[in-house]
Amino acid sequence: MEPVGRHPLSRRRALALLGSAATAVAATSCASHTSDAQPSGVTPPDAYELSGDVDGYATTLILLGTAAGPIAVPGRSGTSSVLVVGDRPYLVDAGPWSSRKLIQAGIAADSLGGVFVTHMHSDHIADLFNVFWLPGGTPSYTFRNVVPVYGPGSAGRLSAPRGGQSIPIQSPASPAPGLTDLFAGVLDAFAYDINIRNVEKGAHSDYGQRLSLHDVLPPESAGASADNTAPEMEPFPVFEDDRVRVTATLVPHGPVYPSLAYRFDTEDGAVTFSGDTAKSPNVVRLARGSDILVHEVIDVDFYAQTSGSALVEHMIQAHTTAQDVGRVATDADVRQVVLSHIGPGDPRQVTDDQWERGVKSTFAGTVTVRHDLVRIGVGQRR
């Protein structure tokens, strides 16, 4: 299935070649995705911390990182998840330190069946290029498989600044780049490292050939724009292979556009990732009947006590309280809520029990509050 989105800008037309065949590299065994055993081909920097009973499940969810925001906190790293369907993992977002967590989970970057970015905030893309630039377990810097990467296309322009204030604009000629432009800029920025390693090896390793990049934008009929970021809409198709069907919708996340939620339908059930969002009927529609809803969550009271009014206002307009997460899950009739992108992420500030009680006050199903490198089975044991 072809992604919904714009074609890359003409000045980046060379990136159209990114879907060509990649060179070879050894990748980790698929069995390692659901086992605590150390996978072949990957040498983690420290001991594995994978946990969770997933014996008998053909599809599993791995929470690589569960903290909200780009700020480092004890106990949780930046937001990122992997859905492993049979022997194929799919990465959703790549927040800070997620490339390291991916290695700790025993997953080689070139084994990914796809990467899906919800939006272009740093806490969701900080490690996106590192996933491929710093591959674990091999110094070869070459890939066996081409990895499809899907993420927001360019918004075209910025929305009006908060309070109508004048703000400095980085790259005024292209102030709101999408996924394809992001990678073009990163590849240019790290050209010396890429080129000099080819010189050192006397070999050809084209980083561009590792990836097939796709800018995702909603259908024009949705009427969405930088000024109307998440109108009520039907989900639209993004990707499909022999393991998953991925659909998406727009979600309200302050002035961020596009900001996406994704649903993965598999033989074992459906898993929906909210991305960053305020309470949204679009998430309800997308998640309807899902086995698992992975939803972000924030504690407004915590930020009201520790931050200024501007941040508190942002939190209310762009994020979801535990009680509202429960309301979304109830309206969508999902079986289980898994909290991630937790803000504050430090469990000493808001405990796991507090998060769970908040969601359960408005939702009668299963609520899971976990930390990094936890695995959760999807559907029924086989």
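- A donor atom on one side chain and an acceptor atom on the other are not found under 3.5 Å apart for Ser340 and Thr66.
- In this structure, the side chain of Asn195 engages the main chain of Ala191 through a donor-acceptor pair within 3.5 Å.
- The aromatic rings of Trp133 and Phe190 lie tilted to each other, with the angle between the two planes from 30° to 60°.
- For the pair Asp346 and Arg348, the salt-bridge criterion is met [side-chain N within less than 4.0 Å of a carboxylate O].
- Judged by distance alone, with hydrogens and angles left aside, the side-chain atoms of Thr330 form a donor-acceptor pair with the main-chain N or O of Gly326 at under 3.5 Å.
- Counting heavy atoms from C-beta outward, Leu158 and Ile169 have side chains that approach closer than 4.5 Å.
- Minimum heavy-atom separation, Ser122 to Pro96: O-CD, 4.3 Å.
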Dump the intermediate steps for side chain to side chain contact (heavy atoms under 4.5 Å, CB included) on Val334 and Asp291, then the final yes or no.
-> CA-CA 6 Å; Val334 304; Asp291 291 78; over 6 Å; no

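- Note on Asp127 versus Lys101: no salt bridge recorded, every NZ/NE/NH1/NH2 to OD/OE distance being 4.0 Å or above.
- Side-chain atoms of Asp215 and Thr180 include a donor-acceptor pair closer than 3.5 Å.
- Counting only residues at least two apart or in different chains, ring pair (Phe, Tyr, Trp, His ring centres under 6.0 Å) contacts with residues 320-355 comprise His124-His341, His319-His341.
- Residues Leu286 and Pro235 share a closest heavy-atom pair of CD1-CB, 3.7 Å.
- Looking at every heavy atom in both residues, Ile316 comes nearest to Ala278 through O-CB, 4.4 Å.
- Val369 and Val54 fall into different hydrophobic clusters, defined by Ile, Leu, Val, Met, Phe, Trp and Tyr side-chain heavy atoms under 4.5 Å apart, directly or through other members.
- Arg375 and Asp53 are not joined by a salt bridge, as no carboxylate oxygen comes within less than 4.0 angstrom of a charged side-chain nitrogen.
- At least one side-chain heavy atom of Leu250 sits under 4.5 Å from a side-chain heavy atom of Leu260.
- Shown here for Ser274 and Ala261, the closest heavy-atom pair between the two residues is O-CB, 3.4 Å.
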Determine, step by step, whether Asp55 and Arg381 satisfy the side chain to side chain contact (heavy atoms under 4.5 Å, CB included) criterion, reporting the C-alpha distance in whole Å, the side-chain angles of both residues, the deciding distance to 0.1 Å, and the verdict.
-> CA-CA 7 Å; Asp55 289 344; Arg381 294 180 189 268; 4.2 Å; yes

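- Taken to the nearest 0.5 Å, the CG atom of Asp123 stands 12.0 Å off from the OG atom of Ser77.
- Hydrophobic cluster membership differs between Val238 and Leu293, with clusters built from Ile, Leu, Val, Met, Phe, Trp and Tyr side chains linked at under 4.5 angstrom.
- Of the inter-residue distances, the one linking Glu296 atom CD with Thr321 atom OG1 reads 9.5 Å to the nearest 0.5 angstrom.
- Atom CD1 in Ile292 sits 7.5 Å away from atom OG1 in Thr368 (nearest 0.5 Å).
- Asp333 is linked by a salt bridge (charged side-chain N to carboxylate O under 4.0 Å, His left out) to nothing, counting only residues two or more places apart in sequence or in another chain.
- Asp331 is linked by a salt bridge (charged side-chain N to carboxylate O under 4.0 Å, His left out) to nothing, counting only residues two or more places apart in sequence or in another chain.
- Interatomic distance, CD1 of Ile376 versus CG of Leu61, reported as 5.0 Å (0.5 Å rounding).
- Judged by distance alone, with hydrogens and angles left aside, the side-chain atoms of Ser171 form no donor-acceptor pair with the main-chain N or O of Ser174 at under 3.5 Å.
- The main-chain N or O of Asp93 is found under 3.5 Å from a side-chain atom of Ser80 such that the two form a donor-acceptor pair.
- Between Tyr262 and Phe116, the ring center distance clears the sub-6.0 Å criterion.
- Take Asp265 and apply the side-chain hydrogen bond (donor to acceptor under 3.5 Å, both in side chains) test, not counting sequence neighbours, and it matches Arg263.
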May I have the step-by-step check of salt bridge (charged side-chain N to carboxylate O under 4.0 Å, His left out) for Lys360 and Asp353, ending in yes or no?
-> CA-CA 10 Å; Lys360 283 189 172 181; Asp353 287 343; over 6 Å; no

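- Leu339 is not connected to Val82 by any chain of hydrophobic side-chain contacts under 4.5 Å among Ile, Leu, Val, Met, Phe, Trp and Tyr, and they are in different clusters.
- Annotation: Gln349, atom CD; neighbour count of heavy atoms from other residues, nucleotides and ligands within 6.0 Å is above 12.
- Remark: Arg285 CZ to Glu234 CD distance equals 5.0 Å, nearest 0.5 Å.
- Under the 4.5 Å side-chain heavy-atom criterion for ILVMFWY residues, no single connected hydrophobic cluster contains both Val328 and Val92.
- Side-chain atoms of Thr59 and Asp268 form a donor-acceptor pair, as typed in the model, at a separation below 3.5 Å.
- Annotation: side chain of Ser159 is not in contact with side chain of Tyr257 (no heavy-atom distance under 4.5 Å).
- Residues Asp87 and Arg243 are paired through a salt bridge, judged by an N-O separation under 4.0 Å between the basic side chain and the carboxylate.
- With sequence neighbours excluded, no residue satisfies side-chain hydrogen bond (donor to acceptor under 3.5 Å, both in side chains) with Asn228.
- The main-chain N or O of Tyr150 is never found under 3.5 Å from a side-chain atom of His214 such that the two would form a donor-acceptor pair.
- Using a distance-only test at 3.5 Å, with no hydrogens or angles considered, a donor-acceptor pair links the side chain of Thr320 to the main chain of Thr277.
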Any chance you could lay out the side chain to side chain contact (heavy atoms under 4.5 Å, CB included) test for Val115 and Tyr90, step after step, and finish with the verdict?
-> CA-CA 6 Å; Val115 179; Tyr90 301 84; over 6 Å; no

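- By the neighbour-count criterion of 12 heavy atoms within 6.0 Å, atom CD of Gln354 is densely surrounded, having more than that number from other residues, nucleotides or ligands.
- Electrostatic pairing of Asp372 and Arg76 does not count as a salt bridge here, judged by no charged N lying under 4.0 Å from a carboxylate O.
- In this structure, Val294 and Val271 have side chains that are in contact, with non-hydrogen atoms separated by less than 4.5 Å.
- Between Leu64 and Gln104, every side-chain heavy-atom pair lies at or beyond the 4.5 Å cut-off.
- Other residues, nucleotides and ligands contribute only 12 or fewer heavy atoms inside 6.0 Å of the CD1 atom of Ile71.
- For the pair His295 and Val283, the minimum side-chain heavy-atom distance is below 4.5 Å.
- For the pair Phe239 and Pro148, the tightest heavy-atom approach, listed with the atom from each and the gap, is CE1-CG, 4.2 Å.
- Hydrophobic clustering, with ILVMFWY side chains joined whenever heavy atoms are under 4.5 angstrom apart, keeps Val73 apart from Val350.
- Between Val251 and Ser259, the closest side-chain pair of non-hydrogen atoms falls below 4.5 Å.
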Distance-only check: which donor-acceptor pairs under 3.5 Å involve side-chain atoms of residues 305-314, not counting sequence neighbours?
unit_1 : atom_1 : unit_2 : atom_2 : d
Thr306 : OG1    : Phe302 : O      : 2.9
Glu313 : OE1    : Arg162 : NH2    : 2.8
Glu313 : OE2    : Gln317 : NE2    : 3.3

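- Note: Asn130 CG to Ile125 CD1 = 11.5 Å, rounded to the nearest 0.5 Å.
- Ala105 approaches Leu50 most closely through the heavy-atom pair O-CD1, 3.8 Å.
- Residues Pro344 and Asp299 form a side-chain contact, since some pair of their non-hydrogen atoms from C-beta on lies under 4.5 Å apart.
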